[in-house]
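Got a structure for you, questions after.
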Protein chains: 2
Amino acid sequence: MPTSADVARLAGVSRATVSYVLNNATAVRISEPTRQRVQEAADELGYVPHAAARSLRAGHSRMVLMPTPTMPMGALYSHVFNELQWALRRLDYTVVQFGSLGMSGDEAARAWAELRPVAVLAPGDGTLTPRGVHVLKRSGAKAVVTLGPQRVEGAHALLMDQRAVGRCAGAHLLDRGRTRIGVVVPREPGYETFSAPRLAGLRAATETRADARVVPLELGYDEPSAAELVARWRQLGLDSVFAYNDEYAMLLLRALQDAGVDVPGETAVMGADDLLLGRLLRPRLSTVRMELPSGQRLAELVDRAVRDPAGAPEVHPLLGTEAVPREST
Amino acid sequence: MPTSADVARLAGVSRATVSYVLNNATAVRISEPTRQRVQEAADELGYVPHAAARSLRAGHSRMVLMPTPTMPMGALYSHVFNELQWALRRLDYTVVQFGSLGMSGDEAARAWAELRPVAVLAPGDGTLTPRGVHVLKRSGAKAVVTLGPQRVEGAHALLMDQRAVGRCAGAHLLDRGRTRIGVVVPREPGYETFSAPRLAGLRAATETRADARVVPLELGYDEPSAAELVARWRQLGLDSVFAYNDEYAMLLLRALQDAGVDVPGETAVMGADDLLLGRLLRPRLSTVRMELPSGQRLAELVDRAVRDPAGAPEVHPLLGTEAVPREST
DNA sequence: TTGAAAGCGCTACCAA
DNA sequence: TTGGTAGCGCTTTCAA
């Protein structure tokens, strides 16, 4: 494995000179012939600098760490994520995703801290604790930013309050004259951080209405599970259902139709996330659209936080939500 | 930022002792009181070891690097990926995803090489070149494994030949007596690596049939684009269409039905990926199911390659495919 | 314009 | 059982 010393030897110069040349050091002027000899030597050896050694020496890195999401990213989130990566790269950061599957919050924070990232962009879903934030900061992280429903002491927060989604759905259904509302809660593990606040939001929306009733409904993401739920549908006495998201809504919609339940006549069905696929159904699915922040904006927040580590944690409520009425409600 | 020297000072021992205690060194026996003093000092200071320093000293790391996928991962791939991460962690590797958005193949390989990963698991879609593999190996990567349609000189390969998907679809449609076959090619950038081989595979399946005709059809992932395509549907004179995947198939199916084209009577529609959502349509969507390798198996290949870096590159053809006939063909 | 050398944080060898 | 210390690859200050 070639090191800068090897390059120096081959070029007949010192390691210092190699470093100057390869980093385009402006403070030092290196003669053109020397510069070329070094470049050629580096190319010939296939020299690649050692990031760990470099950041060890420098005392800091430009690494922005994000935990790998456990759930499959939707197209929307995936888009924002790509934007974010672009924007951070333009600001000369390196984005690294770190798989923390099956670690507790504090374990994960420690594992991240070992990498000495300059910034951490973590989910704001309760896995990261104030202790975790403290560990990260002590280890040199200039900025810790959470992105999700909850904020964490000491960290900047981009609040995406999923309750707003539920509230929005609830308001729309009440608006349509529906009062006996089922709320689908996915049975699959890992969805609680989204489904619980969505349910809570819907509850909040119906709170002022004495005649309203909210019934949580467990549903697994498969047809037998939907059939089972629908088999006891009429006993439930619901006139509408908020199905967690468009995918569960589509699953439920088909099952309801197969059971002869008229949608929206007998039961209104509402999804969330505004997937294209939901628009393709008959009836077209009503949904809640969320507006995610632009990747550019996230990147700017991260950069600002890195440049001013002492600044007070910023808390940005994001996630504009909007009901999109279509044919299913 | 506390270092092991700080811990040593606080505990009143040497840095060596700190290292022994915190790494549970078996070759050395440390007395229980000392051990405790060190632990307490480390806890009190919130000491977290410095991964870069450690791997610099050790001369190697246990990092497995994967480029962050640009496209949103489907639920299937996402599942395999989670499995893989679990399995690698059990084997004591650290999985890190690195965003290489907007870098050329060789730039990306260099950027990866700077991190000195012990293994790289890259997409086998042509971005990684033999030069790239060489750079990675020179920089100490014990294993380079590609996962995708193409293999690369010098790297292990898990071949997922997307042509098999097209072949499978073609065979099924011919079987159903269809001979004038449209093939949807997504207009969105980034899909070529999948769509091109799927188209090629379908062409291959029809090659022996003189009466068969294959017509590529560009389609954007939105309703206007689908409407536009369908407006000239009858001029195209097709009796079937392989729609790239289930999502595009769903889009097209709705547009065809809106235009009064009977499916499957007038035109058979076939998707791929076997999404649950495709099963929910009327008619239920016929599709091609792919069998992905288990994450466990991928992890084992990586581990084997790391342990025997000199071994000849293994090439595993994966991706069993199977037509799933439902109502749309 | 170039070179010598210190030192980032850590571990492992050798000595006490 | 513990401590001293060299050295991983790199950058940067100081000297030549």
Side-chain angles (χ1 to χ4, degrees), chain A residues 1-39 41-42 45-63 110 113-118 138-140, chain B residues 1-39 41-42 45-63 110 113-118 138-140:
Chain A
M1 269 167 47
T3 71
S4 77
D6 297 321
V7 177
R9 199 157 24 238
L10 183 59
V13 298
S14 76
R15 288 157 65 220
T17 307
V18 170
S19 177
Y20 293 141
V21 172
L22 297 183
N23 295 304
N24 287 314
T26 48
V28 194
R29 305 219 69 73
I30 303 285
S31 69
E32 200 46 46
T34 308
R35 190 175 286 280
Q36 254 181 34
R37 279 214 316 286
V38 170
Q39 276 295 359
L45 293 176
Y47 169 74
V48 176
H50 192 305
R54 175 179 287 176
S55 71
L56 181 58
R57 167 66 224 231
H60 61 258
S61 75
R62 298 281 292 171
M63 187 197 303
R110 250 186 80 94
E114 292 193 2
L115 300 181
R116 299 291 192 272
V118 68
R138 287 217 57 139
S139 80
Chain B
M1 271 167 44
T3 72
S4 77
D6 297 321
V7 177
R9 201 157 23 237
L10 183 59
V13 299
S14 74
R15 288 154 66 220
T17 306
V18 170
S19 176
Y20 293 143
V21 171
L22 296 183
N23 296 304
N24 287 315
T26 48
V28 193
R29 305 220 68 76
I30 302 285
S31 69
E32 200 45 47
T34 308
R35 190 175 288 279
Q36 254 181 32
R37 278 216 316 288
V38 170
Q39 276 295 359
L45 293 176
Y47 169 74
V48 176
H50 193 305
R54 175 179 289 175
S55 71
L56 181 59
R57 167 67 226 231
H60 59 87
S61 74
R62 298 281 293 172
M63 186 197 302
R110 248 187 82 96
E114 291 194 2
L115 299 180
R116 298 292 192 271
V118 68
R138 286 216 59 139
S139 80

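Numbered from 1 within each chain, the chains take letters A, B, ... in sequence-line order.
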request  = With the side chain of A:Ala16 defined as its heavy atoms from C-beta on, choose the nearest nucleotide among D:dC10, D:dC8, C:dA4.
outcome  =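 Among D:dC10, D:dC8, C:dA4, the one nearest the side chain of A:Ala16 is C:dA4.
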
query = Rounded to whole angstrom units, what separation is found between the CD1 atom of B:Ile30 and the P atom of C:dA12?
reply =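 Nearest whole value for this atom pair: 13 Å.
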
inquiry  = Whole angstroms only, please: what is the CG-C1' distance between A:Leu56 and D:dC8?
reply    =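 Between C1' of D:dC8 and CG of A:Leu56: 9 Å.
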
task = Please report, rounded to the nearest Å, how far the P atom of D:dG9 is from the CZ atom of B:Arg57.
result = 11 Å

task = Using a 4.5 Å cut-off on heavy atoms from C-beta on, say whether the side chain of A:Arg35 contacts that of A:Val13.
result = no

request  = With heavy atoms under 4.0 Å as the rule, sort B:Val13 into base, sugar-phosphate or nothing.
outcome  = sugar-phosphate

ask   = Which nucleotide sits closest to the side chain of A:Thr17: C:dG3, D:dT2, D:dG9?
value =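 Output: C:dG3.
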
ask   = Starting at CZ of B:Arg15 and ending at P of D:dT2, how long is that distance when rounded to a whole Å?
value = 18 Å

query = Any donor-acceptor pair under 3.5 Å linking the side chain of B:Ser4 with the backbone of B:Ser19?
reply = no

task = For residues B:Leu56 and A:His50, determine if any side-chain heavy atom of one lies less than 4.5 Å from a side-chain heavy atom of the other.
result =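 In contact.
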
inquiry  = At 4.0 Å (heavy atoms only), tell me whether A:Ser19 reaches a base, stays on the sugar-phosphate, or touches nothing.
reply    = base

query = Below 3.5 Å, does any donor atom in the side chain of B:Tyr20 face an acceptor in the base of C:dC13, or the other way round?
reply = yes

Atom-to-atom span, NE2 of B:His60 to C1' of D:dC8 - whole angstrom =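 Roughly 11 Å, once rounded to whole Å.
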
key: Phosphate-side-chain proximity, A:Ser4 and D:dC10, N/O vs OP1/OP2 below 4.0 Å   = yes

inquiry  = On DNA chain D, does the nearest nucleotide to B:Ala58 precede the nearest nucleotide to B:Arg29 from the 5' side, or the other way round? Give the residue.
reply    = B:Arg29

query = Are OP1 or OP2 of C:dG9 and a side-chain N or O of B:Thr3 less than 4.0 angstrom apart?
reply = no

task = Ignoring the backbone of A:Ser31, work out which of D:dT1, C:dC10, C:dT1 is nearest its side chain.
result =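 Of the candidates, C:dT1 comes closest.
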
task = Starting from C1' on D:dC10, measure out to CD on B:Glu114 and report it in whole angstrom.
result = 12 Å

request  = Select base, sugar-phosphate, or nothing to describe what A:Thr34 touches, counting heavy atoms under 4.0 Å on all strands.
outcome  =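 The residue A:Thr34 makes sugar-phosphate contact but no base contact.
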
ask   = Between the side chain of A:Arg15 and the main-chain N/O of A:Ala5, is any donor-acceptor distance below 3.5 Å?
value = no

ask   = Hey, does A:Asn23 have a side-chain heavy atom less than 4.5 Å from the side chain of A:Arg54?
value = yes

ask   = Over how many whole Å does the gap from A:His50 atom NE2 to D:dG7 atom P extend?
value =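 Interatomic distance, NE2 of A:His50 to P of D:dG7: 18 Å.
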
ask   = What is the distance from CZ of A:Arg9 to C1' of D:dC10, rounded to the nearest Å?
value =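 After rounding, the gap between these two atoms is 15 Å.
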
